[in-house]
Amino acid sequence: MPKLAGKVAIITGAAQGMGAAHARRFVAEGARTVFTDINADAGEKLQAELGDNSLFIRHDVGSEADWQKVTAEAEAHFGPVSVLINNAGIIGPVAKAAELTAEAFETVCRINQTSVFLGTKHTIPSMIRAGGGSIVNISSISGIVAIYGTPNVAYAASKFAVRGITKQVAIEYGEHNIRANSVHPGYIRTPMMTEALDDEGIRIASASVPIKRVGEVEDVSNLVVFLASEESAFITGSEYIIDGGLTAL
Ligand SMILES: NC(=O)c1ccc[n+]([C@@H]2O[C@H](COP(=O)([O-])OP(=O)(O)OC[C@H]3O[C@@H](n4cnc5c(N)ncnc54)[C@H](O)[C@@H]3O)[C@@H](O)[C@H]2O)c1
């Protein structure tokens, strides 16, 4: 029995990287899946691969008008939404606090943090019509601890905020059978990582991880499918670190 049969899901930032992996797994697990991204070319290519149980919508997660469009189109196409994966995110400039502009700080927070609020706000009415739902917010280990050597207070602020939004939403909507949990990946091999680290950088990163490798997108999809499914029906307001033991050191 597919784990997500009967679910209608929205996954953001899903034209590449972890989001695309989640979209592939969600369709394979029986979810009717709306996946969104600002990169329309890559999104449409993936739509051709995934077929009729998927729908790609171009979407800037920082735009409230776009969220209204996405949630309305998702429900019109597949019915009330029961799963929301807030995955889209950017790193922003790697600069110490005194060198970071207020504009860059606000851009990172809009895409990584305000987006999670907007997605939650506009999807919850549909989830209530669905009889409940699961929200999975992709934070980072940067939402748990500060990372030495890669300065970026905007990324840290936004990823810590995602954890807080998650817990507050969990307690506000538990009575509607709507759950919210956050996922905190460490090093995961995606375009975001390979743009930041060359092969030598990935080798050094792998050596620093107790499990002695970086994560693959499928490692994270396994966790996200679990949190979206009924197997996690009594889990809400929780945070899941998936980093090969890096932050246990
Ligand atoms: N890769 C890692 O090592 C790692 C570690 C911890 C957390 N994360 C988080 O995981 C999530 C996915 O990261 P990834 O590594 O797959 O990144 P990625 O850069 O490979 O993919 C991110 C996707 O988000 C899209 N996106 C960017 N801005 C957007 C916007 N305004 N609206 C809609 N879509 C937008 C991009 O077009 C891209 O397709 C992010 O939230 C990231 O912060 C990644």
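Here the structure is a predicted model, which means the values were calculated and not measured. Both counts, for ligands and for their atoms, begin at 1 and track the order of listing.
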A.B. asks: List the atom of Trp67, the atom of His122, and the distance in Å for their closest heavy-atom pair.
C.D. replies: CB-CD2, 4.1 Å
A.B. asks: How would you list, by chain and number, every residue that makes a salt bridge (Lys or Arg N to Asp or Glu O under 4.0 Å) with Asp219, sequence neighbours excluded?
C.D. replies: Arg213
A.B. asks: Hey, is Glu99 close enough to Lys96 for a salt bridge, meaning N to O under 4.0 Å?
C.D. replies: no
A.B. asks: With Arg24, which residues qualify under salt bridge (Lys or Arg N to Asp or Glu O under 4.0 Å), at least two apart?
C.D. replies: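 In terms of salt bridge (Lys or Arg N to Asp or Glu O under 4.0 Å), with neighbours along the sequence ignored, Arg24 is linked to Glu49.
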A.B. asks: Can you tell me if His22 and Ser221 form a side-chain donor-acceptor pair at under 3.5 Å?
C.D. replies: yes
A.B. asks: Under 3.5 Å, sequence neighbours excluded: what are the donor-acceptor pairs made by side chains of residues 3-17?
C.D. replies:
from  : atom 1 : to     : atom 2 : distance (Å)
Lys7  : NZ     : Glu230 : OE2    : 2.3
Thr12 : OG1    : Asn87  : N      : 2.9
Thr12 : OG1    : Ala88  : N      : 2.9

A.B. asks: Run through ligand 1 for me and note each protein residue having a heavy atom under 4.0 Å from it, chain first, then residue number.
C.D. replies: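 Residue list for ligand 1: Gly13, Gln16, Gly17, Met18, Asp37, Ile38, His59, Asp60, Val61, Asn87, Ala88, Gly89, Ile90, Ile111, Ile138, Ser139, Ser140, Tyr155, Lys159, Pro185, Gly186, Tyr187, Ile188, Thr190, Pro191, Met192.
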